[in-house]
Amino acid sequence: MDFRNIAIIAHVDHGKTTLVDAMLKQSGTFSEREVIEERVMDSNDLEKERGITIYAKNTSIELGEHKINIIDTPGHADFGSEVERVLRMVDSVLLLVDAYEGPMPQTKFVLRKSLELGLKPIVVINKIDKPSARPDEVVNMVFDLFSELGATSEQLDFKYIYTNAKTGVALCNLTDAPKDLQPLFDLILSTVPPAPQDSAAPMRMQPVNLAYDTYIGRMAMGRIHEGTLKAGMNVSVIKLDGTVERHKISKLFTTHGLRREDVTFASAGDVVHVAGIPNINVGETIAESPDAEALPAITIDPPTLTMNMYANSSPFVSREGSLVTSRQIRERLLRELETNVGLHVRFPENAEYFEISGRGEMHLSVLIETMRREGYELQVSQPQAIIRTVDGAKEEPYESLTIDVPDAIAGNIIEALGKRKGTMSHMASREGVTRLEYSIPTRGLLGYRMAFVTATRGEGTLSHVFSHYGPYKGEIMRRQTGSMISGFTGTTLAFSLANLQERGTLFVGPSTDVYEGMVVGASAKESMVVNPIKGKHLTNMRSSGSDDALNLTPHLDITLERALEYIEEDEFVEVTPKSVRIRKRYLTEVERKRHGTKKAYIVQRQTKHP
């Protein structure tokens, strides 16, 4: 049996996982009795809820005497480190592109990585059933992108095919009768070269991903480059610094469909999971001989965003979570580092916080969301772009930003991005929709998504990916509103909230427990200390309007992503298993004055305690 190793890469929501579903079903991988879920490869709860792929996962299908190992990769830019590693063990990639949207920022990012490694992609134009689809035009846009990224003449002569992953159809020509995915299978077998199978050579493999199993410990996933790997084999692990360690393979797994099968041996060209090496890391070489030459190291782009994580210190600590101490959080972060290669964590001595760094807000928020679901209580500071100094000059990360908005709103978006130090590189209008392409500092995008959704009334799309480090652009204003800060601890009442909603947007509704220093809303102007627990004074005197009904505008539900975008330097996001709250770093007005934070205006008529 020969092996064909491919990765499916695309921008988020262009249909990668749906296409893998269709390939698994039509290849006969599943039996007739098996119940197949939608987006079966998205096995993580967060992946199912958000509808995106977060972790790279591999599966396989068999077509006659051919085994095709397929790696489903994340489409969101924040998880790009997963894609970078996976591309090192495949022989080709399926580049999925939406038949209407065309190439997007993540498309450009993953394609550049593929071309640099010398891979020759197969272009798949997906979602051809869209009423607004323009498949032939998108093929030309993809060719232009190949040329822009410096593809070789051989890479420019790429094969392409049209698909509708939802219905499981592939067409070599748009005029062909739709039937199934057989044209795609034929194209893969005719275009993707078989993996070299030098089984007689001494074994070498390189892990590109890590996993953890409760029973067998840390596992490494990678491709066998040479030789035959056997369970129970003694191997040498060549570390990144050149040192060599001896270990024994305790378990060896290959994949068939979604099942991980325990095998006794695997040959060169196959993708396997191995256990028995407790301290294995991505990019190291597992070899049969201690004198073997190490495989080329895998480099991963560094983090661009950092924040501090603290144990929860609010008055409501331990109400909802069971894991609340710094020691427990530290142990959890150490476990995360075993598999999350794109994450960096610094543990300062005698400090009350942990410094976590990642590729973007989504990358960090997924970690925080996972921890809160496990029962942790914690609080995090405002995300900050990582600034570096090169030859005495400050440099900061820049993003490639692509926005699609209705023509009537484009002017407002251009004005807003100009204030955030963005530089426009392209602008085009088509069928009432304007596409804007920008180069913008990462700091300029922090906190902008909420403002973008409001400005476009939900009719715009925004996507971005890390581009490069460039000159520091100076101060950028993130937020022009203040905060409504609770001056009291208690339960909110509708009477008080009805008065406060005239001053801005509320984050809490009636009958919500609040504490002094908690942010209960966004003020239209400056920050102010308010009393959200004040009730209506009872009296035996009647007056005009005393019995009017209260009309409360629905409050804004604060999700983790919204909270991270909203907070300023002097604020924290408090995260518990059931709640996400925003609070001031220093809870009382006296402490805030002592530490020199922004002074909050006190609403006098709201400060009387009922």
Side-chain angles (χ1 to χ4, degrees), residues 1-10 14-45 47-48 51-75 79 82-83 85-96 110 122 124 126 163 165-166 168 170 180-182 184-185 187-189 192 194-195 205 207-211 213 219-224 251-263 266-267 269-275 339:
M1 178 175 288
D2 67 1
F3 303 102
R4 313 292 173 99
N5 300 316
I6 59 172
I8 301 185
I9 59 176
H14 277 197
K16 296 182 308 300
T17 306
T18 305
L19 181 63
V20 174
D21 282 1
M23 294 174 72
L24 287 169
K25 291 173 184 176
Q26 294 191 25
S27 64
T29 302
F30 297 122
S31 68
E32 295 181 358
R33 292 174 295 177
E34 288 184 88
V35 178
I36 312 303
E37 299 179 12
E38 185 181 357
R39 299 197 322 274
V40 67
M41 292 292 287
D42 287 343
S43 54
N44 182 275
D45 287 342
E47 291 179 320
K48 291 179 179 178
I52 63 172
T53 302
I54 295 174
Y55 304 106
K57 292 174 284 292
N58 68 302
T59 183
S60 68
I61 60 176
E62 293 184 8
L63 302 173
E65 293 299 314
H66 312 286
K67 180 180 180 181
I68 302 178
N69 288 308
I70 304 169
I71 293 86
D72 184 20
T73 63
F79 308 103
E82 297 266 333
V83 184
R85 304 193 304 272
V86 163
L87 293 178
R88 296 294 294 269
M89 68 174 186
V90 298
D91 301 303
S92 184
V93 295
L94 298 185
L95 176 67
L96 236 70
V110 293
I122 298 172
V124 180
N126 193 33
T163 62
K166 204 168 187 180
D180 53 25
L181 287 178
Q182 191 60 43
L184 177 61
F185 293 145
L187 183 60
I188 291 172
L189 292 177
V192 179
M205 74 166 283
V208 300
N209 218 342
L210 302 174
D213 186 277
M219 293 190 296
M221 186 267 279
R223 168 179 167 175
I224 303 174
K251 287 284 186 180
L252 179 63
F253 302 93
T254 61
T255 55
H256 178 73
L258 301 179
R259 297 190 305 274
R260 189 181 290 167
E261 297 182 342
D262 193 347
V263 295
S267 304
D270 205 355
V271 175
V272 298
H273 287 76
V274 298
T339 56

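Along the sequence shown, residues carry numbers from 1.
Contact record, Ala7 with Val86: CB-CG1, 4.0 Å, taken as the closest heavy-atom pair. Taking each heavy atom of Ser267 and Ile224 in turn, the nearest pair found is O-CD1, 3.7 Å. Of all heavy-atom pairs spanning Gly15 and Asn126, the tightest one is CA-ND2, 3.8 Å. The two residues Ala195 and Gly269 have their closest heavy-atom pair at CB-CA, 3.7 Å. Of all the heavy atoms in Ala266 and Leu252, the pair that sits closest is N-CD2, 3.8 Å.
Between the CD1 atom in Ile8 and the CG atom in Leu19 there is a gap of 5.0 Å [rounded to 0.5 Å]. Atom CG of Asp72 and atom CD1 of Ile6 lie 11.0 Å apart (nearest 0.5 Å). Distance CG/Asp91 to CZ/Arg223: 4.0 Å, rounded to 0.5 Å. Atoms CE and CD1, from Met23 and Ile188 in turn, are 4.0 Å apart once rounded to the nearest 0.5 Å. Note that the OG1 atom of Thr163 and the CG atom of Leu184 stand 7.5 Å from one another [nearest 0.5 Å]. Of the inter-residue distances, the one linking Ile71 atom CD1 with Met221 atom CE reads 6.0 Å to the nearest 0.5 angstrom.
Judged as a salt bridge (Lys or Arg N to Asp or Glu O under 4.0 Å), and not counting sequence neighbours, the contacts of Asp2 are Arg4. A search for side-chain contact (heavy atoms from CB on, under 4.5 Å) contacts involving Asn69 returns Phe3, Asn5, Ser60, Lys67, Thr255, Asp270, Val271, not counting sequence neighbours. Under the side-chain contact (heavy atoms from CB on, under 4.5 Å) criterion, Ala220 pairs with Pro207, Leu210, Val274, Ile280, sequence neighbours left out. Considering only residues two or more places apart in sequence or on other chains, Ala211 meets the side-chain contact (heavy atoms from CB on, under 4.5 Å) condition with Met219. Residues that satisfy the side-chain hydrogen bond (donor to acceptor under 3.5 Å, both in side chains) test with Gln182, not counting sequence neighbours, are Asp186.
Contact check for Met205 versus Met89: no side-chain heavy atoms found under the 4.5 Å cut-off. The shortest distance between side-chain heavy atoms of His273 and Asn58 falls below 4.5 Å. Between Ile122 and Val192 the shortest side-chain heavy-atom distance falls below 4.5 Å. By the 4.5 Å heavy-atom criterion applied to side chains, Val93 and Val110 are not counted as neighbours.
Side-chain atoms of Gln26 come within 3.5 Å of backbone atoms of Gly168 as a donor-acceptor pair (strictly under, hydrogens ignored).
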